[in-house]
Asker: 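Got a structure for you, questions after.
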Protein chains: 2
Amino acid sequence: MTVTLKEVAERAGVSRSAVSRTFTEGASVSAKTREKVQKAADELGYRPSLIARSLATNRTRLIGLVANNFRNPVFLEVFDLFTRVLQERGFRPLLVNLSTETDPQKSLEMLKQYRVDGIIIATSTLPPTFPHAFSKAGVPVVHAFGRFGSEAGVHVVGIDNVRCGEMAAQTLFDRGYRSIALLGGPQSATSTQDRLAGFLSRLKELGLEPADIRFADNYSYSAGKEAMKALLAEKSVEALFCGDDLICMGAMDAARGSGMKIPQDIGFLGFNDMNMAGWSAYDLTTIRQPVRDIILKSVTLVIEMVDDTEQDADTQPFDCSIVERGTLRPLPAS
Amino acid sequence: MTVTLKEVAERAGVSRSAVSRTFTEGASVSAKTREKVQKAADELGYRPSLIARSLATNRTRLIGLVANNFRNPVFLEVFDLFTRVLQERGFRPLLVNLSTETDPQKSLEMLKQYRVDGIIIATSTLPPTFPHAFSKAGVPVVHAFGRFGSEAGVHVVGIDNVRCGEMAAQTLFDRGYRSIALLGGPQSATSTQDRLAGFLSRLKELGLEPADIRFADNYSYSAGKEAMKALLAEKSVEALFCGDDLICMGAMDAARGSGMKIPQDIGFLGFNDMNMAGWSAYDLTTIRQPVRDIILKSVTLVIEMVDDTEQDADTQPFDCSIVERGTLRPLPAS
DNA sequence: CGAATTGTTGCAACCGGTTGCAAGATTCAA
DNA sequence: TTGAATCTTGCAACCGGTTGCAACAATTCG
């Protein structure tokens with residue numbers, strides 16, 4: 001069925017090595033031989049088998065891409081960029097969906113069986129033991145959106161969530177809000193924990209107590225909406241810092257549903273700056289996470305690790321910034 | 001570094017065949033031998049190399065997953081389901097991002113080099129020559145969201161877009177709209193062409209001319225918004241059938257932006273029923289495409305083709321249905 | 001108990017490439 | 001023109017598994 005090295009060699013009248021060499025970067029072949037081989041290969045429609053090559057070279061050019069949040073629109077950008085950059089660099093992503101997987105160990109086994117050259121884990125909700133397990137197995141690992149310094153031997157690319165929490169508290173304070181609540185993502189996520197910590201510590205510095213602290217079950221519109229309904233049933237707050245734009249939009253619709261106007265009656269500050277935050281039905285003021293930069297850096301890093309050309313392993317957290325839109329009252333004129 | 005068959009065999013005191021057999025389904029090994037091998041394998045942390053196995057068996061258990069629309073939220077569900085179902089069945093998805101790829105031929109080569117066992121193409125915007133190229137190469141192909149009957153040898157799983165177009169025209173007509181426009185997705189998409197055809201033919205049967213026909217450049221909120229702005233600058237219409245919910249939401253916001261109330265001043269009918277269509281800020285009445293069913297069927301089909309256990313190759317288009325929400329005036333009481 | 005049947009095992013060839021090595025062919029400088 | 005240096009080429013071993021085959025062991029049956 002498929003054409004092999006041997007057939008090309010026979011047709012071109014050369015050895016198998018010669019054929020192999022014409023198809024490997026930087027091997028020594030004369031122009032004459034190369035031409036003969038090319039011709040024969042073209043006529044036969046030959047493509048080298050990467051499977052066979054992998055076996056011989058011990059390199060697969062396969063990168064495992066592990067994620068567990070396939071329902072959040074942020075991940076569209078994540079997948080788009082990851083796959084695109086990887087394939088530009090001649091690698092291919094092998095996707096692992098951990099949404100329902102109870103046992104990360106099993107996924108690890110699968111990836112190991114495919115002998116992936118490297119792994120990118122894109123999540124802020126998995127325990128750090130997970131990336132660590134790979135690194136211990138000797139596979140280059142980059143943890144995108146992870147928590148810094150949590151596990152030795154694992155490169156983390158992401159933001160400083162503690163700082164983001166502080167930034168959120170400060171931003172809301174600066175605009176004159178005093179009754180401030182936090183509606184976080186899942187409590188088990190390290191990102192949630194860190195943002196909460198930063199949020200609380202800054203609030204304390206400013207002499208404030210949080211008006212309410214609660215968490216959505218997952219990163220979804222409906223989880224945000226439910227949580228907000230519950231909050232509104234209990235108390236009223238001036239402003240809310242949400243752990244994710246999606247959650248925030250759900251919360252906004254819950255507030256509007258009970259007759260509130262935004263930002264007159266209540267302020268909202270989101271997180272991520274996903275596309276939809278800019279939609280005029282929401283026009284959400286939010287903290288932008290540089291997803292693009294994080295992904296580009298993650299891919300670059302994992303490829304460097306694979307090629308062993310690591311240049312700057314000292315990964316710094318990326319900065320976040322406020323994107324001003326219409327869900328917070330303006331800064332008081334000073 | 002990695003443990004191989006040979007080492008396990010030596011430690012267990014058996015031949016390499018025996019080890020291989022304990023790890024292959026349905027091979028003949030005695031309980032005693034299997035136990036010895038298991039023990040040795042566990043102690044050494046051995047996992048068979050799927051690369052080597054693939055070379056010998058000529059099966060990779062890799063399924064190519066080709067898509068070119070990574071920015072539309074519908075694809076979150078697509079990716080989630082595809083990856084999940086595949087891995088439940090013991091296959092792995094090898095992702096190909098065709099968003100920017102100008103030359104599909106190149107992607108084909110890449111997939112062929114990895115010797116994928118099958119391919120799922122999830123798009124309604126690629127020319128049918130693309131799936132056909134794979135099928136000609138002898139690789140099982142399923143074209144999800146494709147056009148039926150367009151290419152021999154390619155299994156298509158999807159909906160009947162002509163019927164959907166008819167359904168849209170009929171729905172709007174039934175609600176008393178007479179000045180009806182279509183705002184389609186990219187004109188090059190077969191789905192757009194088919195829906196347009198159905199839409200026009202039904203309108204004609206009903207004795208109506210379309211009030212306006214235009215197309216968004218891509219499946220995005222902003223493309224929908226821009227197109228709607230342009231439309232509003234030229235004329236006014238009573239109702240709009242959009243080729244995608246995202247486009248529709250953009251169009252809705254454009255209408256609202258020029259002071260219109262929905263559904264009082266203008267009606268909107270979307271397509272897909274993505275999650276966001278249910279958000280209260282839009283509450284979009286839309287035509288539901290059974291994405292889940294399409295994907296489940298696609299995966300089942302491609303796996304059957306790989307295993308050569310094809311059961312029902314006569315794939316019928318799935319039905320679409322109207323999801324009633326709040327962007328169309330109600331049916332007149334009859 | 002012996003013959004026939006069925007189950008288990010190891011040998012060796014093979015899957016489709018890569019690569020170190022040594023020999024042969026070229027090129028270059030003197 | 002010749003010898004040294006550099007290229008090019010084929011051989012053969014190897015990557016880590018699978019599998020047909022034949023030999024042998026265990027079981028079943030008359």
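In the text below, chain A, chain B and the rest are named by the order of the sequence lines, each starting its count at 1.
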Asker: Between A:F79 and A:F70, does the ring centroid distance fall short of 6.0 Å?
Answerer: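 Distance test on ring centres: under 6.0 Å, yes.
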
Asker: Can you run down the salt bridge (Lys or Arg N to Asp or Glu O under 4.0 Å) pairs that involve residues 135-147 of chain A, sequence neighbours left out, and say none if there aren't any?
Answerer: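 Counting only pairs at least two positions apart or across chains, the salt bridge (Lys or Arg N to Asp or Glu O under 4.0 Å) contacts touching residues 135-147 of chain A are A:R147-A:D194.
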
Asker: Taking ring-ring contact (aromatic ring centres under 6.0 Å, His included) as the test, write out the residues that go with B:F130, two or more places apart.
Answerer: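 Scan of B:F130 (ring-ring contact (aromatic ring centres under 6.0 Å, His included), adjacent residues dropped) gives B:F134.
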
Asker: Which pairs, with at least one residue in residues 91-100 of chain A and sequence neighbours excluded, count as a salt bridge (Lys or Arg N to Asp or Glu O under 4.0 Å)?
Answerer: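 Non-adjacent pairs meeting salt bridge (Lys or Arg N to Asp or Glu O under 4.0 Å): zero.
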
Asker: Can you list every pair that meets salt bridge (Lys or Arg N to Asp or Glu O under 4.0 Å) and has a residue in residues 110-128 of chain A, with sequence neighbours left out?
Answerer: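 Qualifying pairs, neighbours excluded: none.
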
Asker: With sequence neighbours left out, what residues match B:A56 under side chain to side chain contact (heavy atoms under 4.5 Å, CB included)?
Answerer: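 Partners of B:A56 under the side chain to side chain contact (heavy atoms under 4.5 Å, CB included) test: none.
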
Asker: What pairs meet the salt bridge (Lys or Arg N to Asp or Glu O under 4.0 Å) rule with one or both residues in residues 77-86 of chain A, with sequence neighbours excluded?
Answerer: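 Matches after skipping sequence neighbours: A:D80-A:R84, A:D80-B:R71.
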
Asker: Just to be sure I understand the geometry, which residues of residues 52-64 of chain B put a non-hydrogen atom under 4.0 Å away from DNA chain C?
Answerer: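 Those residues whose heavy atoms fall under 4.0 Å from DNA chain C, taken from residues 52-64 of chain B in numerical order, are B:L55, B:A56.
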
Asker: Using only heavy-atom distances, determine whether the side chains of B:T190 and B:N161 contain a donor-acceptor pair under 3.5 Å.
Answerer: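 The answer is no; no qualifying pair exists.
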
Asker: Specify the residues of residues 19-41 of chain B, ordered by number, for which at least one heavy atom lies under 4.0 angstrom from an atom of DNA chain D.
Answerer: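 Residues of residues 19-41 of chain B under 4.0 Å from DNA chain D: B:S20, B:R21, B:T24.
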
Asker: Reading DNA chain D 5' to 3', which nucleotide is the first, and which the last, to come under 4.0 Å of any heavy atom in chain A?
Answerer: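 Nucleotide range in contact with chain A: D:dT8 to D:dG17.
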
Asker: Report the C-alpha separation of B:L111 and B:V66 in whole Å, then their side-chain angles, then the decisive distance to 0.1 Å, and conclude whether the side chain to side chain contact (heavy atoms under 4.5 Å, CB included) test is met.
Answerer: CA-CA 10 Å; B:L111 285 170; B:V66 182; 3.8 Å; yes

Asker: In residues 5-17 of chain A, which residues come under 4.0 Å of DNA chain D by heavy atom?
Answerer: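 When residues 5-17 of chain A is checked for heavy atoms under 4.0 Å from DNA chain D, the hits, listed by number, are A:V14, A:S15, A:S17.
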
Asker: Would you say the side-chain atoms of A:T125 and A:N69 include a donor-acceptor pair closer than 3.5 Å?
Answerer: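 No donor-acceptor contact under 3.5 Å links the two side chains.
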
Asker: Relative to each other, are the rings of A:F23 and A:Y46 parallel, tilted or perpendicular (30° and 60° limits)?
Answerer: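 Plane angle over 60°, so perpendicular.
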
Asker: In degrees rounded to 10°, what angle is found between the helical axes fit to the five outermost pairs at each end of the helix from C:dC1-D:dG30 to C:dA30-D:dT1?
Answerer: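 The two end axes of the helix from C:dC1-D:dG30 to C:dA30-D:dT1 meet at 20°.
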
Asker: If you count heavy atoms of other groups shown closer than 6.0 angstrom to CG of A:D293, is the number above 12?
Answerer: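 Counting other residues, nucleotides and ligands, CG of A:D293 exceeds 12 neighbours.
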
Asker: Hey, could you give me each pair passing side-chain hydrogen bond (donor to acceptor under 3.5 Å, both in side chains) that has a residue in residues 9-19 of chain B? Not counting sequence neighbours.
Answerer: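 As it turns out, the side-chain hydrogen bond (donor to acceptor under 3.5 Å, both in side chains) pairs with a partner in residues 9-19 of chain B, which skip direct neighbours, are B:R11-B:E43.
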
